[in-house]
Amino acid sequence: MRDKKVTFLTQAAMIAAIYVVLTFVFAPISFGEVQIRIAEALTILPIFTPAAVPGLFVGCLIGNLMGGAVLTDVIFGSIATLIGAIGTYELRKFPRLIAVLPPIVSNICIVPLVLRYAYGIALPIPFLMLTVGLGEVVSCAVLGSILATVLNKYKGKIFVSATR
């Protein structure tokens, strides 16, 4: 039992750390009204381990905090990632194209409102939904699917059983 908790916490911490590093390495394209947050490719990881759910949330929270985001963005942007991660975990047995939808949809619904009301970006919300959505499709659907394909080759070797 204790080993499973340690494994769960270790996996969550590693995923959070990787999310933060990717957010900073790709900072110029990770923030703003037109963004491709490469770290969002990691939202595919709940398919492989439930530890990815808190790991992604904490990683996004830290990435936004350290990236200079306003408090509203830190809170709601991180919640968008959490909702997406939970959705992917719940849809993990469905085809990958379905499992990648929750992070895309949650970010399309939440991030444009944050951009508009927290940052005062005067672009129309539907336009912001389009730009955020396109970035999420690139990150989650394209890059996330590539990541999942690679990880499938090592299934059971990278993410050992870590149930809550």
Side-chain angles (χ1 to χ4, degrees), residues 12-151:
M14 289 182 351
I15 291 166
I18 293 167
Y19 190 103
V20 171
V21 168
L22 288 173
T23 300
F24 279 101
V25 168
F26 297 100
I29 60 172
S30 292
F31 299 95
E33 59 269 14
V34 178
Q35 58 181 267
I36 299 174
R37 188 172 284 200
I38 303 298
E40 285 287 298
L42 300 177
T43 59
I44 198 74
L45 295 181
I47 290 174
F48 298 96
T49 176
V53 174
L56 290 165
F57 174 68
V58 170
C60 185
L61 189 75
I62 294 169
N64 284 343
L65 269 172
M66 294 179 69
V70 298
L71 185 59
T72 307
D73 192 4
V74 171
I75 294 168
F76 290 102
S78 300
I79 288 172
T81 296
L82 177 62
I83 291 168
I86 291 169
T88 297
Y89 179 75
E90 293 298 323
L91 298 176
R92 69 190 177 279
K93 300 206 186 292
F94 284 78
R96 193 177 307 148
L97 186 60
I98 302 297
V100 299
L101 289 178
I104 295 169
V105 172
S106 65
N107 279 282
I108 286 173
C109 293
I110 296 171
V111 173
L113 297 172
V114 170
L115 293 171
R116 179 65 175 266
Y117 298 110
Y119 293 101
I121 295 174
L123 296 170
I125 289 177
F127 180 75
L128 293 172
M129 293 173 94
L130 176 67
T131 61
V132 169
L134 289 173
E136 285 295 308
V137 166
V138 170
S139 297
C140 300
V142 176
L143 298 177
S145 291
I146 292 168
L147 177 60
T149 300
V150 171
L151 292 176

Student: Less than 4.5 Å apart, any side-chain heavy atom of N64 and any of C60?
Tutor: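 Touching, per the 4.5 Å side-chain cut-off.
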
Student: Identify the heavy atoms of P103 and C140 that sit nearest to each other, and give their distance.
Tutor: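 Result for this residue pair: CB-SG, 3.9 Å.
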
Student: From the options V111, I110, I104, select the one residue that forms a side chain to side chain contact (heavy atoms under 4.5 Å, CB included) with I108.
Tutor: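 One option only clears the test, and that one is I104.
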
Student: Show the nearest heavy-atom pair for residues A141 and S145, with the distance to one decimal.
Tutor: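 Answer, listing the atom of A141 first, then S145: O-OG, 2.6 Å.
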
Student: For A85, is there any backbone N or O sitting under 3.5 Å from a side-chain donor or acceptor partner on T88?
Tutor: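 No, T88 side chain to A85 backbone: no donor-acceptor pair under 3.5 Å.
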
Student: So do F48 and L151 actually touch side chain to side chain, heavy atoms under 4.5 Å?
Tutor: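 Counting from C-beta outward, L151 and F48 do come under 4.5 Å.
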
Student: Which atom pair, heavy atoms only, marks the closest approach of R96 to A148?
Tutor: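 Smallest interatomic distance, heavy atoms only, reads NE-CB, 3.4 Å.
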
Student: Please list, one pair per line, the donor and acceptor atoms closer than 3.5 Å that link side chains of residues 127-139 to other protein atoms, with sequence neighbours excluded.
Tutor:
unit_1	atom_1	unit_2	atom_2	d
T131	OG1	E33	O	2.6
T131	OG1	L128	O	3.1
E136	OE1	N107	ND2	3.4
S139	OG	R37	O	2.9
S139	OG	G135	O	3.1

Student: Look at the side chain of Y119 and the backbone N and O of V70, then say whether any donor-acceptor pair between them is shorter than 3.5 Å.
Tutor: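 Here the side-chain-to-backbone pair exists.
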
Student: Could you please spell out the steps behind the side chain to side chain contact (heavy atoms under 4.5 Å, CB included) verdict for V53 and F57?
Tutor: CA-CA 6 Å; V53 174; F57 174 68; over 6 Å; no

Student: Would you please test V100 and T43 for side chain to side chain contact (heavy atoms under 4.5 Å, CB included) and show each step?
Tutor: CA-CA 8 Å; V100 299; T43 59; over 6 Å; no

Student: Are any side-chain N or O atoms of R92 and backbone N or O atoms of Y89, one a donor and one an acceptor, separated by less than 3.5 Å?
Tutor: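 Flag set: sc R92 to bb Y89 pair under 3.5 Å.
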
Student: So which heavy atom on L91 is nearest to which on A99, and how close?
Tutor: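 The answer is O-CB, 3.7 Å.
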
Student: Does a side-chain heavy-atom distance below 4.5 Å link V74 with L61?
Tutor: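 Yes, side chains in contact.
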
Student: Are side-chain heavy atoms of I15 and T49 found at a separation under 4.5 Å?
Tutor: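 Heavy-atom side-chain distance check passes, below 4.5 Å.
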
Student: Between A52 and P46, what is the shortest heavy-atom contact and its length?
Tutor: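 For A52 versus P46, the nearest heavy atoms are CB-N, 3.5 Å.
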
Student: With side chain to side chain contact (heavy atoms under 4.5 Å, CB included) as the test, pick out the partner of Y19 among L45, L42, V58.
Tutor: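 Exactly one candidate clears the test, L42.
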
Student: Looking only at heavy atoms, what is the nearest atom pair of L113 and C109, with distance?
Tutor: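 What the structure gives for the nearest pair is CD1-O, 3.4 Å.
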
